[in-house]
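Here is the structure we will look at, set down as structure tokens.
Numbers here are sequence positions counted from 1.
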Amino acid sequence: MTDLLTLPQGDVRLLQTDVAQRLLHSTELARVAYVAKDGTPRNFPMLFHWNGTEIVFSTFGGLKVNALKERPDVAISIDAASTPPSVLLVRGKAEVTHVDGIAEEYKAAQRRYAGEEQGAANVAAVDHPGVTMVRIAVRPTWVGVLDFTTRFPGGTTPDEFARRGQ
């Protein structure tokens with residue numbers, strides 16, 4: 001069995017680490033970076049749902065949807081503002097599909113972030129006849145984990161990281 005702590009950054013098996021699993025099931029926002037139609041970078045925070053193989057975002061549309069259809073490469077970060085911080089970095093391609101009604105992942109995300117009762121109320125507030133949503137699914141192709149205890153930026157060791165800036 002592979003020791004998850006020794007996997008290099010980029011290995012998708014890092015999704016199995018405690019840090020990654022904690023963040024994928026947390027109520028932290030995911031920040032999605034993409035390139036807009038005008039060629040400039042964008043970054044937007046979103047609620048998300050992890051289904052075990054994809055990070056899924058649900059939205060009612062907007063400029064980002066058209067941009068993602070044209071340029072599907074994205075970078076996602078999910079992080080906890082703790083000491084030390086925990087960070088999950090993911091890269092992949094966004095697969096954009098239109099959904100009649102409310103996307104199941106939207107419902108699941110609302111329940112996780114807001115709780116059962118408020119999540120149901122949030123869904124009910126937007127669930128009207130004829131409503132459509134956009135499902136943005138990203139299957140990770142590159143994964144990085146930083147916990148600033150065992151895994152540091154640039155693959156440095158704890159001692160190397162501690163010497164930075166000295």
Side-chain angles (χ1 to χ4, degrees), residues 4 9-37 40-148 151:
L4 297 176
Q9 298 289 43
D11 194 311
V12 295
R13 292 176 293 174
L14 287 169
L15 289 169
Q16 300 167 26
T17 63
D18 290 341
V19 170
Q21 287 298 303
R22 186 171 59 254
L23 290 168
L24 288 167
H25 293 93
S26 74
T27 56
E28 301 292 346
L29 295 174
R31 290 156 185 84
V32 184
Y34 68 102
V35 177
K37 290 188 92 163
T40 60
R42 298 286 196 278
N43 189 307
F44 60 96
M46 289 187 77
L47 304 183
F48 70 93
H49 176 71
W50 170 246
N51 67 16
T53 57
E54 301 168 314
I55 298 173
V56 181
F57 308 95
S58 303
T59 184
F60 292 96
L63 296 174
K64 66 183 163 283
V65 172
N66 292 331
L68 289 170
K69 286 180 181 178
E70 223 173 270
R71 295 182 180 99
D73 291 314
V74 297
I76 300 167
S77 64
I78 306 168
D79 56 272
S82 57
T83 304
S86 298
V87 183
L88 174 62
L89 305 167
V90 174
R91 296 180 202 155
K93 291 193 181 295
E95 181 181 319
V96 177
T97 54
H98 293 269
V99 176
D100 289 330
I102 303 298
E104 291 303 316
E105 293 88 355
Y106 180 85
K107 295 174 188 177
Q110 287 296 327
R111 286 191 304 270
R112 192 173 87 253
Y113 281 88
E116 287 295 328
E117 187 175 325
Q118 186 60 52
N122 293 350
V123 170
V126 296
D127 191 4
H128 306 291
V131 72
T132 61
M133 292 194 81
V134 177
R135 180 181 187 272
I136 303 166
V138 178
R139 186 177 300 265
T141 58
W142 185 99
V143 176
V145 171
L146 304 173
D147 64 9
F148 294 88
R151 300 184 69 85

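- Going from atom CE of M46 over to atom CD1 of I78 covers 12.0 Å, rounded to the nearest 0.5 Å.
- Rounded to the nearest 0.5 Å, atoms NE2 (H49) and OH (Y106) are 14.5 Å apart.
- From F148, atom CZ reaches atom OG1 of T83 across 11.0 Å, with rounding to the nearest 0.5 Å.
- A side chain to side chain contact (heavy atoms under 4.5 Å, CB included) with F57 holds for exactly one of I76, V134, V96; it is I76.
- In terms of the ring-ring contact (aromatic ring centres under 6.0 Å, His included) criterion, Y113 has no residue partners (sequence neighbours excluded).
- Heavy-atom minimum distance, R71 versus A36: NH1-O, 2.8 Å.
- Looking at heavy atoms from C-beta onward, E105 lies in side-chain contact with R135 at the 4.5 angstrom threshold.
- Nearest heavy atoms, G92 versus V138: CA-CG1, 3.9 Å.
- A heavy-atom distance below 4.5 Å is not found between the side chains of P72 and E95.
- Seen from the ring of F48, R112 counts as a face-on cation partner, given the 6.0 Å and 45° thresholds.
- Between atom OG1 of residue T141 and atom NZ of residue K93 there is a gap of 8.0 Å, rounded to the nearest 0.5 Å.
- The side-chain heavy atoms of V87 and V145, taken from C-beta on, include no pair separated by under 4.5 Å.
- When side chains are defined from C-beta on, D73 does not count as touching V35, because their heavy atoms never get closer than 4.5 Å.
- Of all the heavy atoms in D79 and R31, the pair that sits closest is OD1-NH1, 3.5 Å.
- Under the 3.5 Å distance criterion, with hydrogens and angles disregarded, a donor-acceptor pair is assigned to the side chains of T40 and R42.
- At a threshold of 4.5 Å between non-hydrogen side-chain atoms, the residues I55 and V90 count as touching.
- Taking the side chain as every heavy atom from C-beta outward, L24 and L15 approach each other to under 4.5 Å.
- Side chain to side chain, N51 and E54 meet the donor-acceptor criterion of an N or O pair below 3.5 Å.
- Residues V74 and R91 have side chains not in contact (no heavy-atom distance under 4.5 Å, counting atoms from C-beta outward).
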Quick one: do K37 and E70 satisfy side-chain contact (heavy atoms from CB on, under 4.5 Å)? Show the steps, please. CA-CA 8 Å; K37 290 188 92 163; E70 223 173 270; 3.1 Å; yes

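- Side chains of L88 and V143 form a contact here, defined as non-hydrogen atoms less than 4.5 Å apart.
- Considering every non-hydrogen atom in both P140 and V12, the closest pair reads O-CG1, 3.6 Å.
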Taking it one step at a time, do T132 and F60 satisfy side-chain contact (heavy atoms from CB on, under 4.5 Å)?
-> CA-CA 7 Å; T132 61; F60 292 96; over 6 Å; no

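- Side chains of Q118 and N122: a donor on one and an acceptor on the other come within 3.5 Å.
- In terms of heavy atoms, R151 sits closest to D147 at N-OD1, 2.8 Å.
- The cationic group of K64 does not satisfy the cation-pi geometry with Y34, failing either the under 6.0 Å distance to the six-membered ring centre or the 45° limit from the ring axis.
- We find the CE-OG distance between M133 and S58 to be 5.0 Å, quoted to the nearest 0.5 Å.
- Taking all atoms of both residues into account, the shortest heavy-atom contact from G144 to L14 is CA-CD1, 4.3 Å.
- Using modelled atom types, no side-chain atom of E28 and backbone atom of L23 make a donor-acceptor pair closer than 3.5 Å.
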